[in-house]
Chemist: 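Below is one structure. I have some questions about it.
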Number of protein chains: 2
Amino acid sequence: MVKYEVELDAIFLALAHPARRAMLARLGRGEATVGELAAPLGISLPAVTKHLKVMERAKLISRGRNAQWRPCRLEEAPLEAAAGWIEEQRQVWEGRFDRLETYLGTLENEEGTKR
Amino acid sequence: MVKYEVELDAIFLALAHPARRAMLARLGRGEATVGELAAPLGISLPAVTKHLKVMERAKLISRGRNAQWRPCRLEEAPLEAAAGWIEEQRQVWEGRFDRLETYLGTLENEEGTKR
DNA sequence: TACGTACTTTACCTTATGGTTAAATACGAG
DNA sequence: CTCGTATTTAACCATAAGGTAAAGTACGTA
C-alpha cells in the first residue's frame, strides 16, 4: 500500500505549471519535438528545456532521438499514479460519508424503535 | 471548457508535498485541529501553518474557529478539479489510441482489398 | 487579571523555480 | 568541412518554497 509517495512529489509538482500541463496535453495527441511543444507557449527554448527536465524527473515523458530532433512521448503511468492517489482520497472521504450515513441510519432506527 | 487552469496551479502545487498530502489524507477522515495535523509530521508548527496556507490558497481546506482551536476541514471540489484534468488527459490519450486502432483497421481492410 | 494552551507572525536562512541571453553541441546537407 | 537547424548548457537574476527560533495573539479558566 502506498508504493508511490516519493514519485508523487515530482508528478504533482510537474503538473503545477500551466506550460507543462499544456505540453502534456499536446503530447496526449502524439509525439512532438521540442520546437513543436515550445511554439504555442511564448517562452524561450531554454525555459522549455527546463520544463521538460521537470517532466522527465517525474517520468511523465520519455525522449527519443531523430537526427537533431529529440522527440518527446507521454508516459501514462505517472498520471495514473496521481489519479490513483486522488481516487484513494475519495475512497477515504466517501467512506466517511458512508459511515455517517450508517450512523444516521442507526439513529433513525433507534428513533423508530422508541416511538 | 477548461474553466480551471488558474486554480490547477495552486491545487497541484499543494499536492506536491508529502506533508500536505498526509494532512489531506488525515482530513479525509474528518475535521482536525492544527495540533492534530502537526503531530505525525515531525516539523515545527510554523511550518505546518505555512502548509495550511498553501492548501487554503488552493481551497483544498477551509477553517473554522472553536476557542483557541482553528479546525481544518477538507473541501472536495479542488480534488475533483485535479482528477478532472487528469481524466481529460486520459480522454485525449485514449482518443489517440482509438484513432490509431481505426487507422490500423483501415490499413488492414486496404491490405485485405489488395490481396 | 494573570496563566496556560493553541496557534500565527516575524525575521531569517537555504535551496528550488522559472525566466533570460549568449555560447556550446549535435546532426544532415551541400 | 562548413553551414543551418534543433536543442542544450552555462551564467545570471528574481522570486517562491520550506524550514527554523523567537515573539506575538487569542481564548478559556483559575
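Numbered from 1 within each chain, the chains take letters A, B, ... in sequence-line order.
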Chemist: In the structure I gave you, are the side-chain heavy atoms of B/Q89 and A/L27 within less than 4.5 Å of one another anywhere?
Modeler: no
Chemist: Within the structure provided, determine whether B/R21 and A/F12 are in side-chain contact (heavy-atom separation under 4.5 Å).
Modeler: yes
Chemist: Write down the distance between CG (B/N66) and P (D/dA26), rounded to a whole number of angstrom.
Modeler: 17 Å
Chemist: Among B/L52, B/L60, B/V54, which one satisfies side chain to side chain contact (heavy atoms under 4.5 Å, CB included) with B/R20?
Modeler: B/V54
Chemist: Name every donor-acceptor pair, under 3.5 Å, that has one atom in a side chain of residues 35-47 of chain A and the other anywhere in the protein, sequence neighbours excluded.
Modeler:
from  : atom 1 : to    : atom 2 : distance (Å)
A/E36 : OE1    : A/T33 : N      : 2.9
A/S44 : OG     : A/A47 : N      : 3.4

Chemist: What is the distance from CG of B/L15 to C1' of D/dA17, rounded to the nearest Å?
Modeler: 16 Å
Chemist: Within residues 40-47 of chain A, find the residues that approach DNA chain D with a heavy atom at under 4.0 Å, and present them sorted by residue number.
Modeler: A/L45, A/P46
Chemist: Among residues 53-65 of chain B, which residues get a heavy atom nearer than 4.0 Å to DNA chain C?
Modeler: B/K53, B/R63
Chemist: Between the protein and nucleotides 3-5 of chain D, list every N/O to N/O distance that falls short of 3.5 Å.
Modeler:
from  : atom 1 : to    : atom 2 : distance (Å)
D/dT5 : O2     : A/Q68 : NE2    : 3.3

Chemist: On a heavy-atom basis, which atom in A/A81 and which in A/I11 lie closest, and how many Å separate them?
Modeler: CB-CD1, 4.2 Å
Chemist: By salt bridge (Lys or Arg N to Asp or Glu O under 4.0 Å), which residues pair with A/E87, not counting sequence neighbours?
Modeler: A/R90
Chemist: Can you tell me if A/H51 touches the phosphate of C/dG19, counting only side-chain N or O atoms and a distance under 4.0 Å to OP1 or OP2?
Modeler: yes
Chemist: May I have the distance from B/L52 (atom CG) to D/dA17 (atom P), rounded to whole angstrom?
Modeler: 15 Å
Chemist: How long is the straight-line distance from CG of A/L24 back to CH2 of B/W93, given to the nearest 0.5 Å?
Modeler: 11.5 Å
Chemist: Angle class for the A/H51/A/H17 ring planes (parallel below 30°, perpendicular above 60°, tilted otherwise)?
Modeler: tilted
Chemist: Atom CG in B/D9, atom CZ in B/R57: separation rounded to 0.5 Å?
Modeler: 10.0 Å
Chemist: Looking at D/dG19, I'd like to know if its phosphate oxygens (OP1 or OP2) sit under 4.0 Å from a side-chain N or O belonging to B/H17.
Modeler: yes
Chemist: Between B/K50 and A/R70, which has a closest nucleotide on DNA chain C that is more 5'?
Modeler: B/K50
Chemist: If the threshold is 4.0 Å, N to carboxylate O, is there a salt bridge linking A/K59 and A/E75?
Modeler: no
Chemist: Excluding sequence neighbours, so at least two apart, what forms side chain to side chain donor-acceptor pair (under 3.5 Å) with A/E56?
Modeler: none
Chemist: Rounded to the nearest angstrom, tell me the gap between atom CZ in A/F12 and atom P in D/dA17.
Modeler: 17 Å
Chemist: Rounded to the nearest Å, what distance is computed from the CG atom of residue B/L37 to the P atom of nucleotide C/dA6?
Modeler: 14 Å
